[in-house]
Amino acid sequence: MTPLRSQVIALYKQLAYLGREYPLGYENFFRPRLKSAFMKKRDLTDEEEIKKAIAMGEYVCKELEALYYLRKYRAMRRRYVQ
C-alpha cells in the first residue's frame, strides 16, 4: 500500500497547488471541496478502487489545467485581437 499512499499524497498536493488559481477562490471554495472529496474515499481498501480514484484525480488535474490554459488564451485574445 505504500506506493499507492505516496501517489495519493502527491495527487492531493498537485490538486491543492492547481486549486490556488481557481476562479471561485481557494480557501473558501476549492480547498474544502478537495478535502471532503479525499475524506469520502479514505476508507477504500481495494487496490483497484484506489487506482480508479487516482485516475479520476489525474483526470481532474488535466481538466483544471485545460481551464487555466483556456482562461489565459481568452485573456491574450482579448488583448491582441480587438
Side-chain angles (χ1 to χ4, degrees):
M1 284 291 225
T2 306
L4 290 178
R5 180 177 169 83
S6 62
Q7 286 180 359
V8 170
I9 292 170
L11 178 64
Y12 186 86
K13 287 181 181 182
Q14 183 178 10
L15 283 168
Y17 179 76
L18 288 173
R20 291 181 185 171
E21 297 293 323
Y22 200 73
L24 297 176
Y26 177 71
E27 286 296 326
N28 295 327
F29 186 80
F30 190 84
R31 187 170 174 239
R33 289 178 183 237
L34 176 64
K35 184 176 179 179
S36 69
F38 272 78
M39 292 302 279
K40 285 179 187 175
K41 301 283 186 173
R42 72 179 173 191
D43 295 328
L44 292 180
T45 56
D46 185 28
E47 191 172 322
E48 291 301 317
E49 290 179 13
I50 295 171
K51 287 181 181 180
K52 286 181 185 178
I54 290 172
M56 183 61 159
E58 290 171 352
Y59 174 77
V60 170
C61 285
K62 290 178 186 176
E63 289 293 319
L64 281 173
E65 288 173 352
L67 174 75
Y68 297 150
Y69 289 137
L70 183 61
R71 183 177 68 179
K72 183 178 177 182
Y73 168 76
R74 287 178 178 165
M76 296 293 284
R77 187 170 177 208
R78 261 186 256 122
R79 287 184 192 145
Y80 295 109
V81 172
Q82 295 178 354

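The figures here come from the full heavy-atom set of this structure, side chains too, leaving out hydrogens, waters and symmetry mates.
By the criterion of side-chain heavy atoms lying less than 4.5 angstrom apart, applied directly or through intervening Ile, Leu, Val, Met, Phe, Trp or Tyr residues, Leu67 is grouped together with Leu11 in one hydrophobic cluster. Both Val60 and Leu4 belong to a single network of hydrophobic side chains, linked directly or stepwise wherever heavy atoms of I, L, V, M, F, W or Y lie under 4.5 Å apart. Hydrophobic clustering (side-chain heavy atoms under 4.5 Å, transitive across Ile, Leu, Val, Met, Phe, Trp, Tyr) keeps Tyr73 apart from Tyr69. Leu24 and Leu64 end up in the same hydrophobic cluster when Ile, Leu, Val, Met, Phe, Trp and Tyr side chains are linked at under 4.5 Å. Tracing side-chain contacts under 4.5 Å through hydrophobic residues (I, L, V, M, F, W, Y), one never reaches Ile50 starting from Ile9; they form parts of separate clusters.
Surrounding CD of Glu21 are at most 12 heavy atoms belonging to other residues, nucleotides or ligands under 6.0 Å away. Atom OH of Tyr68 sits in a crowded spot, with more than 12 heavy atoms from other residues, nucleotides or ligands closer than 6.0 Å.
Remark: of the listed residues Arg77, Arg78, Arg71, Arg78 is the sole one forming a side chain to side chain contact (heavy atoms under 4.5 Å, CB included) with Arg74. In summary, of the residues considered (Lys13, Glu63, Glu65), a side chain to side chain contact (heavy atoms under 4.5 Å, CB included) with Leu18 occurs for Glu65 alone.
Between the CD atom of Glu58 and the CG atom of Leu15 there is a distance of 9.5 Å, given to the nearest 0.5 Å.
Phe29 and Tyr22 have parallel rings, their planes meeting at less than 30° on a 0 to 90° scale where 60° marks the start of perpendicular.
Between Glu47 and Lys51 there is a salt bridge, with a side-chain nitrogen of the basic residue lying less than 4.0 Å from a carboxylate oxygen of the acidic one.
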- Please report the C-alpha distance between Leu34 and Tyr12 in whole Å, then the side-chain angles of each, then the deciding distance to 0.1 Å, and finally whether the side-chain contact (heavy atoms from CB on, under 4.5 Å) criterion is met. CA-CA 8 Å; Leu34 176 64; Tyr12 186 86; 3.7 Å; yes
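A ring pair (Phe, Tyr, Trp, His ring centres under 6.0 Å) check over residues 43-66, counting only residues at least two apart or in different chains, returns nothing.
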